[in-house]
Each structure stands twice: as structure tokens, then as C-alpha cells.
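Each remark here refers to the structure printed beneath this line.
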Amino acid sequence: MEIMETKDRNDLIQYGLALVNEGLTSGSGGNLSVRSDDSKSFFITPSGMAYDVLKKSDLVHMDPEGNVLGGTRKPSSEWHMHAAIYRARPDIRALIHCHSPYISAFSVLGEDLGPVSYLIASSGAGSVPLAPYETFGTEALAESAVKALGKDVKAVILANHGLIAGGKNLKEALSLTRDLEFCAFMYMTALATNKPIQLIPEEKIKEVIEQMKTYGQ
């Protein structure tokens, strides 16, 4: 168990740094979490600490009801959202919330992110739903995200805020975050031309979703 906990903590620091290095967030923006091996608890990054100064001891161990099981730091202000998603979606084992530039810009348009690219299928659906705006760090935001997430999709755009993306591990969650940021880049750049946006037809994106289920090693 101790070996697994050490890996979880190392992964959170590693992927937090990757978010910053890839321009998907900055400073202490966003937050990451990963379920423990027995799925009865999770580890989450602390509130307001830059990823480049994080130590394993700074990470917070919590249960899905929000009780702190270990660590001396305050958990991320968005722990409500992480805990709520873990309660609702046992298939999701890791979460990344970030304020990536193009997703954040897209989030003010008040619409779902449609199939501008086949990469949208990484989310498990043909579009990424928009969760209505709620104040950051509140249970209301957690409820909004869970409702938008539903049973199948693995990511939601938080209105006027950013993205939360999940996966079977942090590697998958980061890959999805990258894919959706690229889709938002495509959309926002195309939108700037004032020409009509051509989306992938529904029947074609369904084919991609099926192919994605067996893609990779």
C-alpha cells in the first residue's frame, strides 16, 4: 500500500508540472487527483501551491465524502468537484482540472464543444458538454459538473472557467486534456475567420468513437 501511495503522490507532482510546462495552466492554477488503489480514497493537490515547489508530503489524502485522511495542507478548493465525480463515476480513477487558454476562451461562448476534430472522441462522446456556471470551490459547481458529465463522457467544460477531464489514470486524463485543448484551438481559430464552422457529421463521429475503444496498445 505504501508503495502505491508513493507512486500516486509522485504522479500528481509529475503531471502537475507537465500541465505547466505544456502551457495548459500556470502557477498554482488547476488541480489534479488520483484514486487510491482500493478506490476508497483519493490524493489531491493542495490549495494555492505552485507545482514546481510541491513535495509528496504536501499532497492531501481524502475520502469521497471529503474527510481528510492524511496530510497537513488544505486540499484544493475544488475538492468538492473531484469527490463528487469519484462518487458518481467509479470508472474514472484520475482527474485533471485546468484553465487551458483555448478551452477557457471557448467556455464563455455558452455551448458544448462539438466535433470539430476526430480527437473529440477521446472524451467518449461526439461533443464535450458545458456545465452551467457556478462559483469555484462550491458544492454547486461540483453538482453542475457531475450533471453535465453524465454516465459516459469523460470531460466537461466549466462555463467561464475551464475544463475537468478524467481517465483510468493521470496519463489518460492528460492526453484527453491535450486533445480537447487542441479541439478548442481549432474551433476558436476557425471562428475568428467569420466563416461557417464545418463539424464532422454525427454518423462519422460515431465511427471514430467505436474505433477509439480499441485504439493504442
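Just the heavy atoms: all of them, side chains too, but no hydrogens, waters or symmetry mates, feed the values below.
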Exercise. Same cluster or not: are Phe106 and Ile120 linked, directly or through other Ile, Leu, Val, Met, Phe, Trp or Tyr residues, by side-chain heavy atoms under 4.5 angstrom apart?
Worked result: yes
Problem set entry | Residues, nucleotides or ligands: over 12 heavy atoms within 6.0 Å of Gln14 CD | yes
Exercise. Is there a donor-acceptor contact under 3.5 Å from the side chain of Ser107 to the main chain of Asn160?
Worked result: yes
Problem set entry | Check: Arg73 side chain, Asp58 main-chain N or O, donor-acceptor pair, under 3.5 Å | no
For this session: Determine the minimum heavy-atom distance between Ala50 and Ser28, stating which atoms define it.
Result: N-CB, 3.7 Å
Problem set entry | Distance-only polar pair, side chains of His97 and His161, donor-acceptor under 3.5 Å | yes
Exercise. In terms of hydrophobic clustering (I, L, V, M, F, W, Y; side-chain heavy atoms under 4.5 Å; direct or indirect links), are Val128 and Ile85 co-clustered?
Worked result: no
Exercise. Looking only at atom types and distance, does a side-chain atom of Arg35 sit under 3.5 Å from a main-chain N or O of Ile92, one as donor and one as acceptor?
Worked result: yes
For this session: Tell me whether Met81 is reachable from Ile44 by hopping between hydrophobic residues (I, L, V, M, F, W, Y) whose side-chain heavy atoms are closer than 4.5 Å.
Result: yes
For this session: Mind listing the closest non-hydrogen atom pair of Ser127 and Gly114 along with its distance?
Result: CB-CA, 3.9 Å
Exercise. Checking side chain to side chain contact (heavy atoms under 4.5 Å, CB included) for the pair Leu54/Leu17: CA distance, chi angles, key distance, verdict?
Worked result: CA-CA 9 Å; Leu54 282 185; Leu17 288 171; over 6 Å; no
Problem set entry | Non-hydrogen side-chain atoms of Leu180 and Leu176 separated by less than 4.5 Å | yes
For this session: Output yes when a side-chain donor or acceptor of Asn67 lies under 3.5 Å from a complementary backbone atom of Asp63, and no otherwise.
Result: no
Exercise. What distance separates Ile13 CD1 from Leu170 CG, expressed to the nearest 0.5 Å?
Worked result: 11.5 Å
For this session: Indicate, with yes or no, if Val108 and Leu158 share a hydrophobic cluster defined by side-chain heavy-atom contacts under 4.5 Å among Ile, Leu, Val, Met, Phe, Trp and Tyr.
Result: no
Exercise. Any sub-3.5 Å donor-acceptor pair from Thr177's side-chain atoms to Ala173's backbone N or O?
Worked result: yes
Exercise. Do the side chains of Phe42 and Leu95 get nearer than 4.5 Å, heavy atoms only?
Worked result: no
Exercise. Can you list the steps and then say if Tyr51 with Thr25 is a side chain to side chain contact (heavy atoms under 4.5 Å, CB included)?
Worked result: CA-CA 10 Å; Tyr51 299 105; Thr25 200; 4.1 Å; yes
Exercise. Heavy atoms, side chains only, cut-off 4.5 Å: are Leu149 and Ile164 in contact?
Worked result: no
Problem set entry | Exceeds 12 heavy-atom contacts within 6.0 angstrom, atom OH of Tyr102 | no
Problem set entry | Gap separating the CD atom of Glu172 from the NZ atom of Lys154, nearest 0.5 angstrom | 4.0 Å
Cut-off 3.5 Å, no hydrogens considered: what does the side-chain donor-acceptor table look like for residues 130-144, sequence neighbours left out?
residue	atom	partner	partner atom	Å
Thr138	OG1	Thr135	O	2.6
Thr138	OG1	Leu141	N	3.1
Ser144	OG	Pro132	O	2.9

Show me the donor-acceptor pairs, under 3.5 Å and distance only, between side chains in residues 193-201 and residues at least two apart or in other chains.
residue	atom	partner	partner atom	Å
Thr193	OG1	Ala190	O	2.6
Thr193	OG1	Lys195	N	3.2

For this session: Any chance you could measure Leu19, atom CG, to Cys98, atom SG, to the nearest 0.5 Å?
Result: 6.0 Å
Problem set entry | Verdict with reasoning, Ser39 to Arg93, per side-chain hydrogen bond (donor to acceptor under 3.5 Å, both in side chains) | CA-CA 8 Å; Ser39 295; Arg93 302 192 59 81; 2.6 Å; yes
Exercise. Between CG of Asn169 and CG of Leu174, what distance do you get to the nearest 0.5 Å?
Worked result: 10.0 Å
For this session: For Leu113 and Ala184, work out which heavy atoms get closest and say how close.
Result: CD2-N, 4.1 Å
Exercise. Any side-chain heavy atom of Pro101 within less than 4.5 Å of one from Glu181?
Worked result: yes
Problem set entry | Side-chain heavy-atom pair Tyr187, Leu109 within 4.5 angstrom cut-off | yes
Exercise. Going through the checks in order, is the side chain to side chain contact (heavy atoms under 4.5 Å, CB included) test met by Asp52 and Val20?
Worked result: CA-CA 9 Å; Asp52 60 357; Val20 175; over 6 Å; no
Exercise. Are any of the side-chain heavy atoms of Pro46 and Leu59 separated by less than 4.5 Å?
Worked result: yes
Problem set entry | Straight-line distance of Glu207 CD to Ile209 CD1, nearest 0.5 Å | 10.5 Å
For this session: State whether the side chain of Ser36 and the backbone N or O of Ser41 hold a donor-acceptor pair below 3.5 Å, judged by distance alone.
Result: yes
Exercise. Would a distance-only check, ignoring hydrogens and angles, find a side-chain to backbone donor-acceptor pair under 3.5 Å from Arg89 to Val153?
Worked result: yes
Exercise. So Tyr86 and Ser33, side-chain hydrogen bond (donor to acceptor under 3.5 Å, both in side chains) or not? Walk me through it.
Worked result: CA-CA 10 Å; Tyr86 287 140; Ser33 68; 2.7 Å; yes
Exercise. What distance do Leu163 atom CG and His99 atom NE2 have between them, rounded to the nearest 0.5 Å?
Worked result: 10.0 Å
For this session: Determine whether Met188 and Val156 fall in the same hydrophobic cluster, where Ile, Leu, Val, Met, Phe, Trp and Tyr are linked whenever their side-chain heavy atoms lie under 4.5 Å apart.
Result: no
For this session: For the pair Thr45 (side chain) and Leu32 (backbone), establish whether a donor and an acceptor sit closer than 3.5 Å, ignoring hydrogens and angles.
Result: yes
